[in-house]
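In this text the structure is predicted, and so the values were computed from the model without any measurement. So that the names make sense, note that chain A is the first sequence line, chain B the second, and so on, each numbered from 1.
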There are 2 protein chains.
Amino acid sequence: MSSETLPKKEALVREILERVADKWTLLVIDALDGEKEMRFTRLQERVGGVSQKMLTRTLRLLERDGLVTRRVHATVPPRVDYRLTPLGASLGEALCGVWVWVGKHMEKVERARHAYDEKLRPARRSRVPDAA
Amino acid sequence: MSSETLPKKEALVREILERVADKWTLLVIDALDGEKEMRFTRLQERVGGVSQKMLTRTLRLLERDGLVTRRVHATVPPRVDYRLTPLGASLGEALCGVWVWVGKHMEKVERARHAYDEKLRPARRSRVPDAA
DNA sequence: CCGCATCCTGTCGGATACTG
DNA sequence: CAGTATCCGACAGGATGCGG
């Protein structure tokens, strides 16, 4: 954890964090995790709700970062298989802790939210800036 | 890890993940982690690069989720202290694995990126959709 | 089937100015 | 100091249509 690292490394850490912390990346890694290989369409089903545009983009970036491999079969109709690299799988492991946390504590979070929202019921609603 | 949960729980997990996975939340949790309490401005310095608007919003959402407490001192000039709740600290622990991963593997990621970018040098640049 | 190109919208998020 | 209010540009990301 923690902070005072060299600004160079610091910047890179942040960049990678922001890369991984987008809307779909974690879900794609999760979907791929534990499987040998998966086709594009199957992956899209497993993730659920992702457009093919975003799935494609997400997979390309993961491929670029060396976390996922992309294998194109020269068949017709085309078939493309994705799988985690060892590096990607190791990230999956690291993320596992977060998944466990969410599964374990999400009800507390839900209760906290309701309590928070209740408390400012009558008067000025929404202390969260830019919220509707 | 993994998938086949009830769609209800599944949705909540995803929502919380998406909440945590924004540009600043992880960095704020990290900055707060291990400290007892921190003032708004100090926090802003530690995170680095965050506008007060985004810091405020991020903190409000964390407060709503029960991960952070907000204490206003009725002094002049005003003073507001933020700190992680036990729940927030436990999330910090879960995230620790991700931090460690990034610190450990980011050089491999960098090398993978360069290799990827090199490989499609001459012809059609950028296989990543919507990239410049 | 996979994925690229285009269009279009909402939201994210920075800059700035103002208040208690 | 710790916000709030406003403006605005940039981009994430969905929908659709085409192409190999």
Inset, instruction - State whether the side chain of A:Gln44 and the backbone N or O of A:Leu55 hold a donor-acceptor pair below 3.5 Å, judged by distance alone. - result: no
Inset, instruction - Considering just the side-chain nitrogens and oxygens of A:Arg39, establish if one lies under 4.0 Å of OP1 or OP2 belonging to C:dG3. - result: no
Inset, instruction - Indicate the atoms forming the closest heavy-atom contact of A:Leu62 with A:Arg19, along with that distance. - result: N-NH1, 4.4 Å
Legend entry - Near-strand residues of residues 75-85 of chain A, defined as heavy-atom separation under 4.0 angstrom from DNA chain C: A:Pro77, A:Pro78, A:Val80, A:Tyr82
Legend entry - Partner residues of A:Arg83 under the side-chain contact (heavy atoms from CB on, under 4.5 Å) criterion, sequence neighbours left out: A:Lys36, A:Glu37, A:Thr69
Inset, instruction - Work out which heavy atom in B:Val47 is nearest to a heavy atom in B:Ala31; give both atom names and the distance. - result: CG2-CB, 4.0 Å
Inset, instruction - Please work out which residues in residues 14-27 of chain B have a non-hydrogen atom less than 4.0 Å from an atom of DNA chain D and list them by number. - result: none
Inset, instruction - Give the C-alpha distance, both sets of side-chain angles, the deciding distance and a yes or no for salt bridge (charged side-chain N to carboxylate O under 4.0 Å, His left out) between A:Arg64 and B:Asp117. - result: CA-CA 8 Å; A:Arg64 186 169 106 96; B:Asp117 293 344; 2.5 Å; yes
Legend entry - Test item: A:Thr58 side-chain N/O and A:Trp24 main-chain N/O as donor-acceptor pair under 3.5 Å: no
Inset, instruction - Tell me, with the steps shown, if A:Asp30 and A:Trp99 meet side-chain contact (heavy atoms from CB on, under 4.5 Å). - result: CA-CA 9 Å; A:Asp30 183 44; A:Trp99 248 272; 3.5 Å; yes
Inset, instruction - Kindly state which residues belonging to residues 49-57 of chain A come within less than 4.0 angstrom of DNA chain D, counting heavy atoms of the residue only, listed by number. - result: A:Ser51, A:Gln52, A:Lys53, A:Met54, A:Arg57
Inset, instruction - Look at the side chain of B:Thr25 and the backbone N and O of B:Asp22, then say whether any donor-acceptor pair between them is shorter than 3.5 Å. - result: no
Legend entry - B:Arg46 bridged to B:Glu35 by N-O distance under 4.0 Å: yes
Inset, instruction - Kindly indicate whether the side chain of B:Pro78, heavy atoms from C-beta on, has any atom under 4.5 Å from the side chain of B:His73. - result: no
Legend entry - Contact list for DNA chain C against residues 59-66 of chain B - heavy-atom distance below 4.0 Å: none
Legend entry - Contacts of type salt bridge (charged side-chain N to carboxylate O under 4.0 Å, His left out), residue A:Glu107, not counting sequence neighbours: none
Inset, instruction - Have a look at A:Asp65 and tell me which of B:Arg111, B:Lys108, B:Arg113 forms a salt bridge (Lys or Arg N to Asp or Glu O under 4.0 Å) with it. - result: B:Arg113
Inset, instruction - Rounded off to whole Å, could you give me the CZ-to-C1' distance for the A:Arg71 and C:dC1 pair? - result: 17 Å
Legend entry - Rounded distance in Å - CZ (B:Arg70) to P (D:dC1): 16 Å
Inset, instruction - Determine whether B:Tyr82 and B:Val72 fall in the same hydrophobic cluster, where Ile, Leu, Val, Met, Phe, Trp and Tyr are linked whenever their side-chain heavy atoms lie under 4.5 Å apart. - result: yes
